[in-house]
Amino acid sequence: MYNMSYVQIFRPPVATKFMQQIIQAHLQNKVYNAEECQKLSKVIAEEIKAKLIELELGRYKYVVNVALGENLGNGARMDARCHWDQESDGSAQAFFPN
Amino acid sequence: MAADDKQKFDTKAATQILEDAVKKVLRDATYRADLVPEWQAAIYQETISKLTHTKGPFKYIVTSTILESVGAGVHMTSTSLWDAESDGSAFYRFENKSLIAIVYAFGLAV
C-alpha cells in the first residue's frame, strides 16, 4: 500500500474546468457532420488527456471518454459507475450542447 | 514483483459480461426517458459485481450511454493513460427499434 500523504490528489473541479474550456473551444459554432465529428471526438479526447498529463500527478492512470452526438432533440443519457479507491480516485464530467 | 504475476485485463470475459447484462436489462425495452437511470443502475449492478469476481485485483469503471433512436449520428471515443501490459477495456453496443445502448468497461490494475 502506498503512503498517500505526500502524493497529490486528483481534483475533479480542476479537470472539469479545462474540459469545459476545451470542448467549448472546439464545438462553439460547429454543425454536426459525421466525418468531421469522428475526427473531432478523437482530437478532443487527446487534448484532454494531454492536459491531464500536464497536471503531473505521477501515480494516476486516466481514462477519457468523449461522446459526440447529433442533436435532434432525442433523449440521451451517459453515466458511469466505478469500483475504485474513494480516497484517491475521482471523475470529472463536462457537457456542451448546441 | 515478477512479470508473470501481472494479470492482464480479460477483454473477452468482460465483453461477455457486458453483453449478458445489457441484453438482460434492455431485452424488450422501449425508450422511456424516466426509465433510463433505472436501466443504467441495473446494468451497473450486474456488471460490476461480476467484474469484481474475475481475476484481479483491478479497479473498474463502467460507462453506459443510452440514446433514443431517431437516426441521429453519434461518435464515442476513448483514450487512456495506463499500463498497457495489464490494463484494458471492453465495450458492447446494443440496438433495437427505439434505443441504442453503448456500454464500456475499463479495468485498471491496482
Side-chain angles (χ1 to χ4, degrees), chain A residues 1-2 10 23 26-27 31-93 95, chain B residues 31-53 56-84 86-89 91 98-110:
Chain A
M1 291 306 290
Y2 336 115
F10 173 74
I23 57 179
H26 278 284
L27 301 174
V31 175
Y32 180 82
N33 168 295
E35 207 179 295
E36 198 187 348
C37 285
Q38 192 171 2
K39 290 187 201 145
L40 209 43
S41 62
K42 287 197 185 108
V43 165
I44 292 172
E46 291 298 332
E47 230 175 272
I48 292 173
K49 188 170 82 174
K51 262 291 195 208
L52 288 168
I53 294 171
E54 266 180 45
L55 293 177
E56 290 196 350
L57 300 173
R59 274 247 152 83
Y60 280 92
K61 296 176 174 177
Y62 297 108
V63 175
V64 180
N65 287 328
V66 175
L68 202 49
E70 189 180 7
N71 187 354
L72 295 180
N74 48 312
R77 190 170 195 270
M78 184 172 178
D79 195 23
R81 190 71 60 87
C82 314
H83 177 83
W84 59 26
D85 179 350
Q86 217 166 312
E87 286 181 22
S88 57
D89 305 332
S91 74
Q93 305 84 35
F95 173 64
Chain B
Y31 181 86
R32 264 183 60 185
D34 53 334
L35 289 181
V36 172
E38 259 176 62
W39 291 332
Q40 289 177 310
I43 290 170
Y44 298 140
Q45 190 138 345
E46 289 280 324
T47 50
I48 295 193
S49 59
K50 286 192 189 154
L51 285 169
T52 49
H53 283 115
F58 281 100
K59 290 182 180 178
Y60 294 101
I61 300 168
V62 179
T63 306
S64 72
T65 306
I66 297 186
L67 309 158
E68 190 182 4
S69 188
V70 296
V74 68
H75 299 277
M76 286 197 68
T77 310
S78 169
T79 183
S80 327
L81 180 72
W82 61 25
D83 180 349
S86 57
D87 305 333
S89 66
F91 79 94
S98 66
L99 60 81
I100 301 169
I102 304 163
V103 186
Y104 269 94
F106 300 92
L108 305 167
V110 175

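Contacts between B:Ala105 and chain A at a heavy-atom distance below 4.5 Å are absent for every atom of the residue. For a residue to count as touching a neighbouring chain, one of its non-hydrogen atoms must lie under 4.5 Å from one of that chain's; by this rule B:Asp83 touches chain A with backbone and side chain alike. No part of B:Ala101 comes within reach of chain A, as not one of its non-hydrogen atoms sits under 4.5 angstrom from that chain. At a 4.5 Å heavy-atom cutoff, the contact between A:Lys42 and chain B is made by backbone and side-chain atoms alike. Within the 4.5 angstrom heavy-atom criterion, only side-chain atoms of B:Thr52, from C-beta onward, approach chain A. Using a 4.5 Å cut-off between heavy atoms, B:Phe58 touches chain A through its backbone atoms (N, CA, C, O) alone. The contact between A:Asp89 and chain B is made entirely by side chain atoms (from C-beta outward), counting heavy-atom distances below 4.5 Å. Heavy atoms of B:Ile48 lying under 4.5 Å from chain A belong exclusively to its side chain.
Of the listed residues (A:Ala80, A:Ala45, A:Gly73, A:Cys37), the greatest number of heavy-atom pairs within a distance under 4.5 Å of chain B belongs to A:Ala80. Ranked by heavy-atom pairs under 4.5 Å with chain B, the first of A:Leu52, A:Ile44, A:Val64 is A:Val64. Between chain A and the residues B:Ala109, B:Ala41, B:Ser89, the most heavy-atom pairs under 4.5 angstrom are made by B:Ala109. The greatest number of non-hydrogen atom pairs below 4.5 Å with chain A, out of B:Ile102, B:Ile43, B:Thr63, is found for B:Thr63. The greatest number of non-hydrogen atom pairs below 4.5 Å with chain A, out of B:Val74, B:Thr47, B:Thr79, B:Leu99, is found for B:Thr79. The choice from A:Arg81, A:Met78, A:Glu46 that makes the most heavy-atom pairs within less than 4.5 Å of chain B is A:Arg81.
Going from atom NZ of A:Lys61 over to atom CG of B:Leu108 covers 5.5 Å, rounded to the nearest 0.5 Å. Separating the CD atom in A:Glu36 from the NE2 atom in B:His75 is a distance of 10.0 Å, to the nearest 0.5 Å. Here OG1 of B:Thr77 is found 7.5 Å from CG of A:Leu68. Values are rounded to the nearest 0.5 Å.
A pairwise comparison of heavy atoms in A:Lys49 and B:Ser80 identifies NZ-O, 3.2 Å as the closest pair. Shortest non-hydrogen contact noted between A:Ala76 and B:Leu67 is CB-CD2, 3.2 Å. Smallest separation of non-hydrogen atoms from A:Leu72 and B:Gly71: CD1-C, 4.2 Å. In this structure, A:Ala67 and B:Met76 approach most closely via the heavy-atom pair CB-CG, 3.9 Å.
The backbone N or O of B:Ala72 lies less than 3.5 Å from no partner atom in the side chain of A:Glu70, so there is not a single donor-acceptor pair.
Other residues, nucleotides and ligands contribute over 12 non-hydrogen atoms within 6.0 Å of the NZ atom of B:Lys50. In the displayed structure, A:Tyr62 atom OH is contacted under 6.0 Å by more than 12 heavy atoms of other residues, nucleotides or ligands.
In this structure, A:Asp79 and B:Tyr44 have side chains that are in contact, with non-hydrogen atoms separated by less than 4.5 Å. Side-chain contact check for A:Ile53 versus B:Leu81: some heavy-atom pair is nearer than 4.5 Å.
Using cut-offs of 30° and 60° on the angle between ring planes, the pair A:His83 and B:Tyr60 is tilted.
A:Asn74 and B:Tyr31 are not linked by any side-chain donor-acceptor pair at a separation below 3.5 angstrom, with hydrogens and angles left out of the test. In the model, B:Ser78 has a side-chain atom that pairs as donor or acceptor with a side-chain atom of A:Asn65 under 3.5 Å.
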